[in-house]
Asks: 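Below: one structure in structure tokens.
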Amino acid sequence: MRKRVQQELQNILQKEIVLEKPKEKKFGHFATPIAFTLAKELRRSPMQIADELAKNFAKLSIFEKVEPLKGYVNFKLSEDFLDEYATWALRNEPEFGTDKQGEKILLEFVSANPTGPLHIGHARGAVIGEALSRIGKHLGNEIVKEYYINDAGNQIYLLGLSIYLSACEILGKEVEWPDEYYRGEYIKELARKALELFGEEIVEHKQIDRLSDWGKDEMMELIRSNLAEVGIEFDSFVSEKELYQKWDEVLAILREHGAIYEKDGKLWLRSCEYGDEKDRVVVREDGRPTYLAGDIIYHYTKFQRGFDRYINIWGADHHGYIARVKAAIKFLGYDPDKLEIILAQMVSLLKGGEPYKMSKRAGNFILMSEVVEEIGADALKFMFLSKKSDTHLEFDVDMLKKEDSSNPVYYINYAHARINSVMQKAGKSLEDVVDVPLKGLNEEAKDLLFSALLLPEVIEDAFFKRELQRVTDYLKALAAQLHSFYNKHKVIGTENEDKYLKLLLVVALSIRVGLRLLGIEAKYRM
RNA sequence: GUCCCGGUAGCUCAGCAGGAUAGAGCAUCGGAUUCCUAAUCCGAAGGUCGUGGGUUCGAAUCCCGCCCGGGACACCA
């Protein structure tokens, strides 16, 4: 809608016009402060300019009213325009809010180490990534969801050792747990399973590598099922281990581009040259590549696949990595600006008001699956999506458990279910009302209609800014408006019945599509 | 010490590519149900937008300093 209006205005003025939402509803649907900008150029008063502009714009048929006020120009859309759009939307639900942005995007997220189940911190990135992907696709982009599996290195070995130690314990041996070992119920379960599968020889012969390898696969399966529980699936999984086959190739390119030097028997990346605070070791003295090496190869292969844009959702504790990875990309001859990092800030947990320390090692972390079981996947998703990804999020597990009707996802679903219920009571279907002209509506109805039709610009804005809370905020506000309307205006049996039913269907449409883009299915009955 | 994120109502947070009187939810208080789902609605109260400067017609929003909170600063992944 906004685009269409903007286009029409710009056709007249031949100038970029900023459209905003008026502070107050009575001012109209859109407003522009353009007169203030022009005032400077033309050296005339904004009021005068606004006056003239308004007269000019008023010719457009999409407007019912164009009014200058204190230098602003306020626009009110015509009923015909809104009705036409509403009818189209109702008939073309799959198209509603779509666009043709056409970027090829590689979206990497979660990428949690396969050394344990997903915890609540991982869930945040997972939920954000999924919603971003859905919205991006809706807007006409091609998006590949990818998971980078850190299946190489020390932590996988530690996983094997931890399983081994736990198995020893099960067999009644006295063991001591070093701090860095993984603990937790899942390790015990793995140990039990391993003993069943491989027998006690696995302990007697101390077959750590075998345990590591097997345990890693088990954990990957567990992670996949954790994700499936909240409706998230990946298009592609990339194994760090397999990437190392290309290390020689990548190293050669880096060398060729003068990115590498040797010092103290190690190979260093000149990441300083491109904005990092110091150079980084990529190969240790003993010849083993560092973690960064894996990430360099990974991004090399990403860029080789030729996407327009690469988005990584990382935990905020990785922010130090941005500079060095971007430097590496530059050295490899690619454009680091194509890589965009979204940082998902820490999730801190309270339990009964007390800080709840998350630590995988100690095993007292809150599992994503636990929380899903407590409050449901929808509530969890909505909570994460309601907050900007780069703000610290603190919530009390107990509060979340208690949350029921005060949970916004219920509130929104209730609005959707309510509309469905009214339709049923009225005994009418979409076909019965979709062509009824929405004319002569009262103020509340017009406002509601306008709000419901705003979804497309909300999701576009949300995707552009990578701020998904704009969608949740919108849905909350739309639901509130619906509830308010519902309480004030009777639908069934009035002369407005068909008009109102059509209006309500538009609201339901927006709620349903909006929720779906967040990975939540709207409820038809509650 | 350096870097990142945050500081807006009692609490959790929106608003920030500058714009009209700073918003919502929860909590508090007061109302609404013979009527389409009260899982709802209506109303009240609640604010030095951390702080000090600067930029300008205009700053919660942009710039600089400072204060407070959280996090990151590996040849771990």
Side-chain angles (χ1 to χ4, degrees), chain A residues 18 20-24 27 31-37 39-40 45-46 69-72 74 111-115 150-158 180 240 264-268 277-278 280-286 288-295 315-323 343 345-346 348 383 386-396 399 403-408 410-415 417-426 464-465 467 469-470 472-474 476-477 479-480 482-494 497 500-501 504 525-526:
Chain A
V18 178
E20 0 179 285
K21 200 177 99 193
K23 265 284 182 302
E24 279 187 58
F27 293 149
T32 177
I34 184 81
F36 292 100
T37 333
K40 212 177 273 179
S45 98
L69 184 68
K70 290 199 246 170
Y72 287 85
N74 296 323
S111 299
N113 292 344
T115 52
N150 294 126
D151 53 3
N154 195 40
Q155 87 278 4
I156 297 295
Y157 188 68
L158 263 181
E180 68 272 23
E240 180 188 3
D264 306 330
K266 303 154 207 168
L267 294 186
W268 298 72
E277 41 190 40
K278 53 183 166 188
R280 309 286 172 176
V281 172
V282 285
V283 179
R284 303 177 178 91
E285 260 176 297
D286 60 10
R288 283 157 49 234
T290 61
Y291 175 74
L292 178 60
D295 243 335
D317 53 340
H318 283 66
H319 88 263
Y321 259 78
I322 299 175
L343 292 179
Q345 273 292 351
M346 304 284 124
S348 30
M383 188 202 42
S386 311
K387 320 281 182 190
K388 278 192 295 195
S389 64
D390 60 1
T391 61
H392 301 269
L393 175 55
E394 181 180 272
F395 68 85
D396 195 302
M399 291 299 282
E403 206 161 10
D404 40 59
S405 61
S406 62
N407 191 319
Y410 285 94
Y411 184 78
I412 295 165
N413 265 320
Y414 184 43
R418 236 179 179 177
I419 293 168
N420 184 54
S421 154
V422 174
M423 284 301 289
Q424 283 191 337
K425 269 259 156 62
F464 178 67
K465 294 189 172 131
E467 290 185 358
Q469 86 283 353
R470 286 166 191 274
T472 55
D473 284 353
Y474 166 75
K476 278 190 268 189
L482 179 278
H483 287 307
S484 174
F485 180 84
Y486 178 91
N487 271 275
K488 190 160 176 187
H489 301 287
K490 187 148 170 63
V491 177
I492 296 173
T494 67
E497 177 171 318
Y500 282 178
L501 287 176
L504 294 191
R525 187 159 309 162
M526 289 176 72

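Since the structure is predicted, the reported quantities are computational estimates derived from the model, not experimental observations. Below, chains carry the letters A, B, ... as their sequence lines are ordered, and counting in each starts from 1.
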Asks: Hey, is the side chain of A:Asn74 pairing donor to acceptor with the base of B:A20 inside 3.5 Å?
Replies: yes

Asks: Using the P atom on both, measure B:G54 against B:G10 and round to a whole Å.
Replies: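 Straight-line distance between the two P atoms is 29 Å.
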
Asks: Which whole-number value in Å describes the distance from A:Asp317 CG to B:A72 P?
Replies: 7 Å

Asks: Answer whether the closest heavy-atom distance between the side chains of A:Ile492 and A:Glu497 falls below 4.5 Å.
Replies: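 They are in side-chain contact.
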
Asks: Any base atoms under 4.0 Å from A:Glu467, or only sugar-phosphate, or nothing? Heavy atoms, all strands.
Replies: sugar-phosphate

Asks: Under 4.0 Å from OP1 or OP2 of B:U2: is there any side-chain N or O of A:Lys278 that close?
Replies: no

Asks: Could you work out which one of B:C36, B:A77, B:A39 sits closest to the side chain of A:Ser421?
Replies: B:C36

Asks: Pick base, sugar-phosphate or nothing for A:Ala417, based on heavy-atom distances below 4.0 Å to the nucleic acid.
Replies: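 Result for A:Ala417 = base.
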
Asks: Report the distance from atom CD1 of A:Ile156 to atom C1' of B:A77, rounded to the nearest whole Å.
Replies: 9 Å

Asks: Please check: side-chain N/O of A:Gln155 versus main-chain N/O of A:Asn150, any donor-acceptor pairing under 3.5 Å?
Replies: yes

Asks: In whole Å, what separates the P atom of B:C68 from that of B:G50?
Replies: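 To the nearest whole Å, 16 Å.
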
Asks: What is the distance from CG of A:Leu343 to P of B:G6, rounded to the nearest Å?
Replies: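 In whole Å, B:G6 P lies 11 Å from A:Leu343 CG.
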
Asks: Report the distance from atom CZ of A:Arg525 to atom P of B:A39, rounded to the nearest whole Å.
Replies: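 That distance rounds to 16 Å.
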
Asks: When all nucleic acid strands are considered with a 4.0 Å heavy-atom cut-off, which category describes A:Leu69: base, sugar-phosphate, or nothing?
Replies: base

Asks: Listed by chain and number, what are the side chain to side chain contact (heavy atoms under 4.5 Å, CB included) partners of A:Ser421, not counting sequence neighbours?
Replies: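 Side chain to side chain contact (heavy atoms under 4.5 Å, CB included) check on A:Ser421 returns nothing, list empty.
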
Asks: NA contact type, A:Lys388, heavy-atom cut-off 4.0 Å: base, sugar-phosphate, or nothing?
Replies: base

Asks: Roughly, in whole Å, what's the span from CG in A:Asn487 to P in B:U33?
Replies: 12 Å

Asks: Apply side chain to side chain contact (heavy atoms under 4.5 Å, CB included) to A:Ala417 and list each qualifying residue two or more places apart in sequence or on a separate chain.
Replies: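 With neighbours one apart ignored, the set is A:Met526.
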
Asks: Identify which nucleotide among B:C73, B:G15, B:C5 has an atom closest to any side-chain atom of A:Gln345, counting heavy atoms from C-beta outward.
Replies: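 The closest nucleotide is B:C5.
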
Asks: Between A:Ser484 and A:Pro33, name the one whose nearest nucleotide on RNA chain B is closer to the 5' end.
Replies: A:Pro33

Asks: Using atom C1' in both nucleotides, what's the gap between B:A38 and B:A72 to the nearest angstrom?
Replies: 49 Å

Asks: List RNA chain B stems (3 or more consecutive Watson-Crick/G-U pairs, under 3.5 Å)?
Replies: B:1-7 with B:67-73, B:10-13 with B:23-26, B:28-32 with B:40-44, B:50-54 with B:62-66

Asks: Counting side-chain heavy atoms from C-beta on, which of B:C73, B:G71, B:C36 comes nearest to A:His319?
Replies: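 In terms of side-chain proximity for A:His319, the closest of B:C73, B:G71, B:C36 is B:G71.
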
Asks: Is the phosphate of B:A77, meaning OP1 or OP2, less than 4.0 Å from a side-chain N or O of A:Ser111?
Replies: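 No.
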
Asks: With rounding to whole Å, what would you report as the distance between B:A45 and B:G23 at their C1' atoms?
Replies: 16 Å

Asks: Measure from CZ on A:Phe485 to P on B:C42 and round the result to the nearest Å.
Replies: 13 Å

Asks: Taking the side chain of A:Gln155 as heavy atoms from C-beta outward, which of B:C36, B:A77, B:C41 is closest to it?
Replies: B:A77

Asks: Taking the P atom in each of B:C13 and B:G30, what is the distance between them to the nearest angstrom?
Replies: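 Straight-line distance between the two P atoms is 29 Å.
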
Asks: Within this structure, what is the OH-to-C1' distance between A:Tyr321 and B:A74, rounded to whole angstrom?
Replies: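 It works out to 7 Å between those atoms.
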
Asks: Is it the case that the base of B:A38 and the side chain of A:Tyr486 share a donor-acceptor contact (distance under 3.5 Å, atom types as modelled)?
Replies: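 Side chain to base: no pair present.
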
Asks: For the residue pair A:Asp286 and A:Arg288, what are the closest heavy atoms and their distance?
Replies: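 Reported closest heavy-atom pair: OD2-NH1, 2.7 Å.
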
Asks: What interatomic distance, in whole Å, is found between P of B:G15 and the corresponding atom of B:A24?
Replies: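 My reading of the P atoms in B:A24 and B:G15 gives 15 Å.
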
Asks: Expressed in whole Å, how much space separates the P atoms belonging to B:C64 and B:U2?
Replies: 15 Å

Asks: Tell me every residue that passes side chain to side chain contact (heavy atoms under 4.5 Å, CB included) with A:Lys465, counting only those two or more places apart in sequence or in another chain.
Replies: A:Asp461, A:Glu467, A:Arg470

Asks: Checking contacts here: which listed nucleotide (B:C13, B:A20, B:A38) is nearest the side-chain heavy atoms of A:Lys387?
Replies: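 It is B:C13.
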
Asks: Could you check A:Ala480 against A:Arg470 and say which one's nearest nucleotide on RNA chain B is further toward the 5' end?
Replies: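 By nearest-heavy-atom nucleotide position, the 5'-most residue is A:Arg470.
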
Asks: Can you sort out the partners of A:Asp151 under side-chain hydrogen bond (donor to acceptor under 3.5 Å, both in side chains), two or more places apart, ordered by chain and number?
Replies: A:Ser239

Asks: Once you round it to whole Å, what is the distance between P of B:C4 and CD of A:Glu277?
Replies: 10 Å

Asks: Applying ring pair (Phe, Tyr, Trp, His ring centres under 6.0 Å), can you list everything that pairs with A:Tyr321, at least two apart in sequence or on another chain?
Replies: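 Per chain and number, A:Tyr321 pairs via ring pair (Phe, Tyr, Trp, His ring centres under 6.0 Å) with A:Tyr291.
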
Asks: P atom, B:C66 versus B:G1: distance in rounded Å?
Replies: 10 Å

Asks: Write down the atom of A:Val282, the atom of A:Ala293, and the distance for their closest heavy-atom approach.
Replies: O-CB, 3.8 Å

